[in-house]
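Following: one structure in structure tokens, then a few remarks.
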2 protein chains.
Amino acid sequence: MRRNFSAKRQAIYDMLINRTDHPSATQIYEDLKEDYPDLSLGTVYRNISLFKDEKMAISVCSLNGEERIDGNTTPHTHLVCTYCGKITDLFTNDVGTRNNVVGDGFIIEKRAITYYGRCRECDNRLKSKNIEN
Amino acid sequence: MRRNFSAKRQAIYDMLINRTDHPSATQIYEDLKEDYPDLSLGTVYRNISLFKDEKMAISVCSLNGEERIDGNTTPHTHLVCTYCGKITDLFTNDVGTRNNVVGDGFIIEKRAITYYGRCRECDNRLKSKNIEN
DNA sequence: ATGCGTGCAAATTTTTTGCATTCGA
DNA sequence: TCGAATGCAAAAAATTTGCACGCAT
């Protein structure tokens with residue numbers, strides 16, 4: 001399938017890359033409404049889904065019922081403020097961890113490490129499919 | 001507010017502790033329906049929300065539109081299979097990372113580190129509130 | 001008796017989807 | 001021109017909430 005990279009798709013992607021707060025679909029929609037008054041929320045969701053499929057974006061977490069998206073797939077750490085909902089990035093050179101304080105004064109209450117991938121069963125299933133086909 | 005730990009609340013909590021697959025609200029509901037035919041989905045959501053408030057449970061991630069919950073608040077790593085939706089735990093003694101393979105043959109495609117807590121602004125706000133009151 | 005916990009159902013919010021139309025290579 | 005991308009609105013799915021009733025202390 002040939003793919004067009006439309007102006008709106010580009011704008012949505014730019015937002016994921018340029019905004020530092022890892023917006024939700026609705027936040028992207030609200031923001032782009034100004035420049036693209038005829039933008040549809042469905043389009044935002046459709047493109048986010050596409051970006052995730054193509055590994056151009058990832059889900060950071062679910063916060064207050066909204067999924068938050070990051071267009072930066074470079075390995076880095078996320079700082080999620082559960083009080084105001086702001087999400088920032090922490091790159092290794094920012095690390096100055098003393099007493100659970102990192103980056104620009106962010107206070108860690110909970111650390112989470114999550115690996116996304118495929119379990120042994122799914123890996124086997126995928127392998128055998130490749131052989132059959 | 002004094003709190004009763006009702007049979008249903010206990011059953012929901014047990015499910016979060018005993019099930020190893022980190023179920024969603026709907027999954028818990030379906031499962032408990034057998035033993036508690038009059039259970040309400042609202043009750044499951046209300047209790048999950050309560051457990052999160054009291055730090056007895058955490059949100060693992062949002063997978064296929066459903067928030068997945070863990071009642072084990074001990075620090076550990078989550079292995080999320082994005083193919084079948086299974087989520088397992090990895091404790092440090094399981095770690096045998098060679099070539100992105102960990103635990104029981106789980107293949108890592110993406111690593112995510114997330115710190116939950118409070119940003120500097122919110123921390124300041126909370127502090128000054130405590131002084132005022 | 002008091003008030004927390006729940007069922008039920010409605011309401012709200014988030015996300016997905018079908019279809020006709022528009023857009024872009 | 002032709003299929004991809006979108007708008008729109010309806011639908012589906014997930015989550016929250018109001019209210020009256022039940023249950024535990």
For B:Leu41, report the nucleic acid contact type (base, sugar-phosphate, nothing); a contact means any heavy atom under 4.0 Å.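 It contacts base atoms.
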Nearest-Å distance, [atom1] ([X]) to [atom2] ([N])?
| X | N | atom1 | atom2 | value |
| --- | --- | --- | --- | --- |
| A:Glu67 | D:dA13 | CD | C1' | 14 Å |
| A:Asn64 | D:dT16 | CG | C1' | 13 Å |
| B:Leu39 | D:dG22 | CG | C1' | 15 Å |
| B:Gln27 | D:dA13 | CD | P | 15 Å |
| B:Gln10 | C:dG5 | CD | P | 13 Å |
| B:Glu66 | D:dA14 | CD | C1' | 8 Å |
| B:Asn47 | D:dT16 | CG | P | 12 Å |
| B:Arg68 | D:dT15 | CZ | P | 11 Å |

Hey, mind stepping through B:His22 and B:Asn72 against side chain to side chain contact (heavy atoms under 4.5 Å, CB included) and telling me if it holds? CA-CA 9 Å; B:His22 310 73; B:Asn72 181 356; over 6 Å; no
Go nucleotide by nucleotide along DNA chain C from the 5' end; which of A:Thr26 and A:Thr43 gets its closest nucleotide reached first? A:Thr26
Residue [X], side-chain atoms from C-beta onward, closest of [options]:
| X | options | answer |
| --- | --- | --- |
| B:Arg9 | C:dG5, C:dT15, C:dG7 | C:dG5 |
| A:Lys8 | C:dT6, C:dT14, D:dG7 | D:dG7 |
| A:Arg46 | D:dA14, C:dC8, D:dC8 | D:dC8 |
| B:Ser6 | D:dC8, C:dT6, C:dG7 | C:dT6 |

Are the side chain of B:Arg9 and the backbone N or O of B:Thr43 linked by a donor-acceptor pair below 3.5 Å? no
Mind checking whether B:Phe5 and B:Phe51 have parallel, tilted or perpendicular rings, split at 30° and 60°? parallel
Between A:Tyr45 and C:dT16, is there a contact of a side-chain N or O with OP1 or OP2 at under 4.0 Å? no
One pair to check against side chain to side chain contact (heavy atoms under 4.5 Å, CB included): B:Val102 and B:Ile108. What are the steps and the verdict? CA-CA 7 Å; B:Val102 290; B:Ile108 299 173; 3.8 Å; yes
Quiz question: by atom type and distance under 3.5 Å, do the side chains of A:Ser59 and A:Glu67 form a donor-acceptor pair? yes
